[in-house]
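Heads up, the thing below is written out as structure tokens.
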Amino acid sequence: TLLLYNTAPQSPLASFAARTIVALISSFFAGMVNGLLIYLILGFNVFVHLPAMGPAIFLTVMSYIAGAALLGIIMNNFYGAVMGAMGGAMLLWFFSGGFTINVPDQPVLLMVFRIIPNSYALDIMRSTIFGTGDLDSILNHWVLLFMMVITFSCALYFYRDRLWKGRHRV
């Protein structure tokens, strides 16, 4: 990956933006397919709640896109980074949403779950659909925004540090 970036004629930032847009479009289509499957299998239309849940989903997706980009630039093996990002995202998804309901009296586990962006997005989804959220929705959105800014800042820092060495910095 580093070799391809270093031999590219354009700035690595353009490639980072292009990869982010492609990943966002792919995430959009994957979400549409999942929503359609939920409707076909369970008969529940999640698209009705999309205006309320959309910002939380967008912020979470962008955090994971930045995390995957960060993992891809830190690791030397691109395919290993892809598998690590996908496997890590799945594990974090289940840890953040699946277990927080079952361990309300264990503060250490709740603290660990609360450092995962999905916890806040799932709380917004639960409160929107079922009315069972734990935290204030506005606070959850601010936390998700903060997490997204942090992951994108780290990804951009590593892109700049690893890929722009010896290039003209813009």
Side-chain angles (χ1 to χ4, degrees), residues 1-38 46-47 49-98 112-125 128 135 137-170:
T1 303
L2 291 175
L3 177 65
L4 292 175
Y5 276 118
N6 286 327
T7 58
Q10 296 294 324
S11 131
L13 189 58
S15 177
F16 180 75
R19 284 182 176 213
T20 300
I21 291 169
V22 168
L24 190 59
I25 292 169
S26 299
S27 299
F28 173 76
F29 284 118
M32 296 299 281
V33 169
N34 283 329
L36 183 62
L37 288 174
I38 289 170
V46 294
F47 298 112
H49 302 287
L50 196 56
M53 297 184 313
I57 294 169
F58 174 77
L59 291 172
T60 305
V61 166
M62 292 301 283
S63 293
Y64 278 105
I65 289 171
L70 181 62
L71 189 60
I73 204 64
I74 290 174
M75 292 183 69
N76 292 329
N77 185 345
F78 176 73
Y79 294 110
V82 169
M83 294 306 294
M86 290 173 57
M90 285 179 20
L91 285 174
L92 290 176
W93 185 260
F94 288 115
F95 284 146
S96 65
V112 170
F113 299 145
R114 286 295 178 191
I115 62 172
I116 303 171
N118 305 8
S119 300
Y120 299 94
L122 287 172
D123 197 49
I124 292 169
M125 291 178 196
T128 301
L135 296 175
S137 179
I138 295 172
L139 174 65
N140 285 337
H141 281 91
W142 279 108
V143 171
L144 283 171
L145 180 64
F146 177 74
M147 288 180 168
M148 186 201 69
V149 167
I150 293 297
T151 54
F152 257 95
S153 297
C154 290
L156 286 173
Y157 171 78
F158 275 98
Y159 260 68
R160 185 176 178 91
D161 184 55
R162 298 261 173 114
L163 301 177
W164 287 356
K165 286 183 179 177
R167 288 181 175 236
H168 180 267
R169 295 184 188 246
V170 179

- prompt: T60 and A56: which non-hydrogen atoms are nearest, and at how many Å?
  reply: OG1-O, 2.8 Å
field: Inter-residue atom distance L24.CG - T20.OG1, 0.5 Å rounding
entry: 8.5 Å
query: Rounded to the nearest 0.5 Å, how far apart are CZ of F146 and OG1 of T151?
result: 10.5 Å
task: Could I get the full list of side-chain contact (heavy atoms from CB on, under 4.5 Å) partners for L59, not counting sequence neighbours?
output: L144, L145, M148
- prompt: Just wondering, more than 12 heavy atoms not from I138 lying within 6.0 Å of its CD1?
  reply: no
message: Contact between V46 and L50 at the side-chain level, heavy atoms closer than 4.5 Å - yes or no?
response: no
Distance (rounded to the nearest 0.5 Å) between M147 CE and Y64 OH: 9.0 Å
message: According to side-chain contact (heavy atoms from CB on, under 4.5 Å), who are the partners of F158, at least two apart in sequence or on a separate chain?
response: L70, I73, I74, R162
query: Going from CD1 on I57 to CD1 on I124, what distance comes out if it is rounded to the nearest 0.5 angstrom?
result: 9.5 Å
field: F47 side, atom CZ; M53 side, atom CE - distance, nearest 0.5 Å
entry: 9.0 Å
Between CZ on residue F152 and OG on residue S63, distance to nearest 0.5 Å: 8.0 Å
